[in-house]
Amino acid sequence: AFSEKLFQHLKLKGGINTKISGEIVSDKDGYLKDCDLLLILGGDGTVLEWSSYALKNDIPIMFLPGGNQNLLIKYACSEKKISSIYRLVNLVEDSSALEDLVEKILNYQRYLIEIPLTRVEIDNKKIVHALHMLSFGFDANVVRILSQNRSNLKSSGYGLKQVSNLTYLKYIFQAFFDKRSISKFQLTVDNKIIAEDESGYLYLSNLNSYALGLTPMGRNYKEERKDYVSGFFIRKKNLLVVGKELLFHFLQIMAPLEFMNRFKIFFVGQKVQVTLKDSFFQIDGDLCNGTELLVTREDKCLKLLRIDE
């Protein structure tokens, strides 16, 4: 396995002690005790599971893609090097790339960057963090349907499970005709009710996320209000219209998504509260459960090892 090969090089080159966990760790705080760097070989769901503990213990993360969805790699390296990282993880890259990675780890403090996080408090008891976005209603239902059909996904050239455009399109239309896509929610921003007993598509993101391509208001506030949460929602009555436009987008793969903006109601604030009638939603592509959510920007940033500098 790649992780074992990497750890052998770390031991040989720098005398670094490592430990591997391929199973569920119940005591994550205890596991991270005396750790200097947390290497995650997985997907965004694995990052979501560990990020709160890494943040609390002030431990940087090194991320290597090995899951169904690997959006964090867009922060960790440039677009030009992503394919090289995939080949390395799947042991088809030359040894020089591995040596370069080992050098980054041995000198990790020189290559750290900070990633802003969205703090999500669920039902007043559980706290998780979103690296990119969270959504409710229609979009969350697409993720729910997708998660139920993971066994039908095809492996990419890198051995990872991927969704083809046609398969994803099928799940989108399946979600359109599913009653759970129109579950009711209430949205409150900075103690002001923005939407009450609404249904449709609700999306939240922190202002520095690459996903802000979907939130123009967020782009406008990016520099001045970095402690804010940005988002939008599309009412149920507009979902079918948007669906027709999305079909055109998929048929013309490079077509812009700006047409959706005329159906979006944008908002930005320091404290966003969401009350759900149905208990499911998605964070960074992972399905979650809860009915009362408080969404804010986390005071601290996640430290991430940049692997292509």
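Each residue takes its place number in the sequence, starting with 1.
With Trp50 as the fixed residue, the side-chain contact (heavy atoms from CB on, under 4.5 Å) test singles out one of Leu55, Ile40, Ile59: Ile40.
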Requested in this report: Before giving the answer on side-chain contact (heavy atoms from CB on, under 4.5 Å), spell out for Val272 and Thr296 the whole-Å C-alpha distance, their side-chain angles and the decisive distance to 0.1 Å.
Outcome: CA-CA 6 Å; Val272 177; Thr296 56; over 6 Å; no
Requested in this report: Run the numbers on Leu32 and Leu38 for side-chain contact (heavy atoms from CB on, under 4.5 Å), then give the verdict.
Outcome: CA-CA 8 Å; Leu32 293 176; Leu38 175 63; 4.0 Å; yes
Query - Pair Leu276-Lys184, side-chain contact (heavy atoms from CB on, under 4.5 Å): steps then yes or no - result: CA-CA 6 Å; Leu276 303 173; Lys184 301 286 186 178; over 6 Å; no
Requested in this report: Assess whether side-chain contact (heavy atoms from CB on, under 4.5 Å) is satisfied between Met133 and Asp284, documenting all intermediate values.
Outcome: CA-CA 6 Å; Met133 77 293 195; Asp284 292 343; 3.9 Å; yes
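In terms of hydrophobic clustering, with Ile, Leu, Val, Met, Phe, Trp and Tyr side chains grouped at heavy-atom distances under 4.5 Å, Leu294 and Leu131 are assigned to different clusters. Note on Phe63: it clusters hydrophobically with Leu41, by side-chain heavy-atom contacts below 4.5 Å among ILVMFWY residues. By the criterion of side-chain heavy atoms lying less than 4.5 angstrom apart, applied directly or through intervening Ile, Leu, Val, Met, Phe, Trp or Tyr residues, Leu39 is grouped together with Tyr31 in one hydrophobic cluster. If you chain together hydrophobic residues whose side chains sit under 4.5 Å apart, Leu106 and Tyr108 fall into the same group.
Taking 4.5 Å as the limit, every side-chain heavy atom of Thr275 sits out of range of all side-chain heavy atoms of Thr291. With a 4.5 Å cut-off on side-chain heavy atoms, Leu48 and Ile283 count as touching. Side-chain contact between Leu204 and Phe136 is present, with heavy atoms from C-beta onward closer than 4.5 Å. Using a 4.5 Å cut-off on side-chain heavy atoms (C-beta onward), Ile127 and Val120 make no contact. Looking at Tyr111 and Met62, their side chains never come closer than 4.5 Å, going by heavy atoms from C-beta outward. No side-chain heavy atom of Leu112 sits less than 4.5 Å from a side-chain heavy atom of Arg306. Between Ile61 and Leu305 the shortest side-chain heavy-atom distance does not fall below 4.5 Å. For the pair Leu293/Gln273, no side-chain contact is recorded, criterion being any heavy-atom separation below 4.5 Å from C-beta on.
Contact record, Ser205 with His132: OG-O, 3.2 Å, taken as the closest heavy-atom pair. Taking each heavy atom of Gln270 and Asp190 in turn, the nearest pair found is N-OD1, 3.1 Å. Across every non-hydrogen atom of Phe281 and Ala140, the tightest pair is CA-CB, 3.8 Å.
The neighbour count for Lys300 NZ, taken as heavy atoms of other residues, nucleotides or ligands under 6.0 Å away, is above 12.
Going from atom CG of Asn289 over to atom OG of Ser279 covers 4.5 Å, rounded to the nearest 0.5 Å. Going from atom CZ of Arg144 over to atom SG of Cys288 covers 14.5 Å, rounded to the nearest 0.5 Å. Atom CD1 of residue Ile113 and atom CG of residue Leu304 lie 5.0 Å apart, to the nearest 0.5 angstrom. Summarising the geometry, atom CG belonging to Asp286 is positioned 12.5 Å from atom CG belonging to Leu134; distances are rounded to the nearest 0.5 Å. One finds the OH atom of Tyr203 at 11.5 Å from the CD1 atom of Ile234 (value rounded to the nearest 0.5 Å). Rounded to the nearest 0.5 angstrom, Arg235 CZ and Leu202 CG are separated by 12.0 Å.
Ion pairing between a basic and an acidic side chain is recognised when a charged N comes within 4.0 Å of a carboxylate O; Glu49 and Lys28 show such pairing. A salt bridge does not link Arg119 with Asp299: none of the charged nitrogens is closer than 4.0 Å to a carboxylate oxygen. A salt bridge between Asp100 and Lys104 is present, with a side-chain N of the basic residue lying under 4.0 Å from a carboxylate O of the acidic one. Residues Lys303 and Asp58 are paired through a salt bridge, judged by an N-O separation under 4.0 Å between the basic side chain and the carboxylate.
Judged purely by distance below 3.5 Å, without hydrogens or angles, the side chains of Ser52 and His129 pair a donor atom with an acceptor atom. For Asp178 and Gln174, the side-chain atoms include no donor-acceptor pair closer than 3.5 Å. Checked by atom type, the side-chain pair Asp139/Gln282 shows a donor-acceptor distance below 3.5 Å.
The aromatic rings of Phe267 and Phe233 are tilted relative to each other, their planes meeting at an angle between 30° and 60°.
Taking the ring centre of Tyr228 as origin, the terminal cationic atom of Arg297 falls outside the region bounded by 6.0 Å and 45° from the ring axis.
Asn107 contributes a side-chain N or O that, together with a main-chain N or O of Glu103, makes up a donor-acceptor pair within less than 3.5 Å. Within the 3.5 Å criterion, the main-chain N or O of Gly290 finds no donor-acceptor partner in the side chain of Asp123.
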